[in-house]
Amino acid sequence: MPRRILVSRGQTKTKNNLACLILAAGKGTRMDSARAKMLHPLLGVPLVSYPVERALELRASPIVAVLGFQRAEVEKALSARHGQGTVTVAEQAEQKGTGHAVRLGLAALRQWEGTVLILYGDVPLLSRETLTALVKKSRGAGKLAIMTAELADPHGYGRVIRNERGAVAGVVEHKDASPDQLRITEVNAGIYAAPAAFLRQATARLSPHNAQGELYLTDIIAKAATSIGVVSVSVNAEEMAGINDREQLVAVEKILCRRIVGHWMKHATFRDPDAVVVEASVTIDQDAEIGRNVVLRGRTRIGAGARIDDGCILTHTDVGAGAVLLPYTVATEASIGTNAKVGPFAHLRPGTELGPDVHVGNYVETKKTRLGRGSKANHLTYLGDTIIGEGVNVGAGTITCNYNGYEKRQTIIEDGAFIGSDTQLVAPVRVGKRAVVAAGATITEDIRDGALAITRAPLKQIDGYADRVAARYANKAAPKR
Ligand code: UD1
Ligand code: CA
């Protein structure tokens, strides 16, 4: 298996004389959603991107997506993920069927000749190997290659009709099938490869005389059977799974996730492989240990021997070798140095950079903050827009007051400084090297290297106070203490 299962932002390097059409114009009625089915995330990636990633892996160019429902939003998602112009869009304003969609897609291919691969936007688990085999088979014979599968429950799928010699004669949609045909368990996966010229010809002459009043792409199969010929590639039921409703969406997500985890499990330990979410873009180094209910998203990397305890949620976060993340650490766009120790219940927000051997403890929140080697903030602290040197100790309850209601301002704490508990650092402010800030201070000016800063009001003790107050309220019940 490749190190990264999805190739993101891939660009076609060398062409493969292969064009790809992705049919993705449907609303996805069975999702019962305000959002187009193609935009629903499957393991962090919009559904429509899966066939695009496959097409890029096969070095197909051009790649045309036929879009209709929420076209603008789907197009935006495609540019965001694959780069502007990677995918050409053909609009199908009204969804008149898969055959109509291909006709419009071909129009966007203009004079293009060669093999065309047709993928459905809602079939995300196809492997590169299966698609390569399909393209090869079409190309080698100059025929229409279709993908079929044997299903225990073929309900809803188009059935593959074969003649007495076993050759494919056509596909009949479930809604149009006779009782005899409904008993056929070999189904059409809806993925094809064919010469462009044949597709142009065949889709130009489709008619909507069927149960759904649509232009069926599947009608080209019978046409090919009596002209250029049909070859088939069989695929297993899991690979051809289509996503039509939310139940299928999460079922496929589980399969994808389990594949990814299975890959990393060869050299890392997952305490409960079925209770984690690991996106395809994550990398996990040797001897890492991943606890239960951990979620690893985006460009997250887990370094060698690092331990990610139960319930941690990491997004675009780099964890150094040997680091330990105690339970329920949440980190986004953060980097954690080697052998650092974080959590439990720490919140590392974007721009957090923890150096080697740093300790960040419970209920500590950081944002745009760097802590140098060996520095510690162990309890109940907010550090925002802060640069902290090496060997600094930040006491419990320290707060950087980085925002004055208009702008964010910076705090600098230099090497070896000691910040006492319950300190407020009112930014912009700098605490010098080895300076000591006494507990409970409000620091509003720069502190010189090696100095003690203390902002305490003098302590006063008044003897006998409790008795005097008690006497004043002698005829009332004593306060509960
Ligand atoms: C289709 C096949 C069926 C096959 C099944 C496999 C046809 C007529 N039937 O049925 O034989 O067993 O897939 O999953 O092709 N789309 C458009 N424009 C349209 C209609 C559909 O872009 O006008 C897109 C949809 O967004 C979707 C894909 O084409 O991504 C498939 O359409 P769908 O309606 O789901 O086809 P099925 O009924 O599943
Ligand atoms: Ca479908």
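Only a predicted model underlies this, so the values are computations on that prediction, with no experimental measurement involved. Along the sequence shown, residues are numbered consecutively beginning with 1.
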Take Val160 and Arg162 through the side-chain contact (heavy atoms from CB on, under 4.5 Å) test and state the conclusion after the steps.
CA-CA 6 Å; Val160 178; Arg162 290 185 181 263; 4.2 Å; yes
I'd like to know whether [atom1] of [X] has more than 12 heavy-atom contacts from other residues, nucleotides or ligands below 6.0 angstrom.
X	atom1	result
Lys341	NZ	no
Arg370	CZ	no
Glu407	CD	yes
Asp32	CG	no
Arg271	CZ	no

Taking atom types as modelled, is there a side-chain donor on [X] or [Y] under 3.5 Å from an acceptor on the other?
X	Y	value
Ser33	His40	yes
Thr317	Arg297	no
His82	Ser49	yes
Glu186	Thr148	yes
Asn188	Tyr192	yes
Thr130	Glu239	yes

Salt bridge between [X] and [Y], side-chain N to carboxylate O under 4.0 Å?
X	Y	value
Glu73	Lys76	no
Arg159	Glu173	no
Asp285	Arg301	yes
Lys96	Glu214	no
Arg71	Glu91	yes
Asp385	Lys408	no
Glu353	Lys368	no

Look up atom [atom1] in [X] and atom [atom2] in [Y], then write down how far apart they are to the nearest 0.5 Å.
X	Y	atom1	atom2	answer
Ile220	Thr98	CD1	OG1	9.0 Å
Leu383	Thr352	CG	OG1	9.0 Å
Asn244	Thr29	CG	OG1	9.5 Å
Ile22	Asp122	CD1	CG	12.0 Å
Thr369	Asn402	OG1	CG	8.0 Å

Passes side-chain contact (heavy atoms from CB on, under 4.5 Å), Leu58 versus Leu117? Steps please.
CA-CA 10 Å; Leu58 296 180; Leu117 173 67; 3.7 Å; yes
What residues, two or more places apart in sequence or in another chain, satisfy side chain to side chain contact (heavy atoms under 4.5 Å, CB included) together with Gln201?
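By the side chain to side chain contact (heavy atoms under 4.5 Å, CB included) rule, Gln201 matches Arg205.
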For the side chain of His174 and the backbone of Gly156, is there at least one donor-acceptor N/O pair under 3.5 Å apart?
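Checked: pair present.
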Per the side chain to side chain contact (heavy atoms under 4.5 Å, CB included) rule, which among Val278, Val261, Ile308 passes with Ile290?
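Filter result, single survivor: Ile308.
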Can you tell which of Ile302, Val294, Val295 makes a side chain to side chain contact (heavy atoms under 4.5 Å, CB included) with Leu314?
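Checked Ile302, Val294, Val295 against Leu314; only one passes side chain to side chain contact (heavy atoms under 4.5 Å, CB included): Ile302.
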What pairs meet the side chain to side chain donor-acceptor pair (under 3.5 Å) rule with one or both residues in residues 319-338, with sequence neighbours excluded?
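Every candidate side chain to side chain donor-acceptor pair (under 3.5 Å) pair involving residues 319-338 fails, so no pair, neighbours aside, qualifies.
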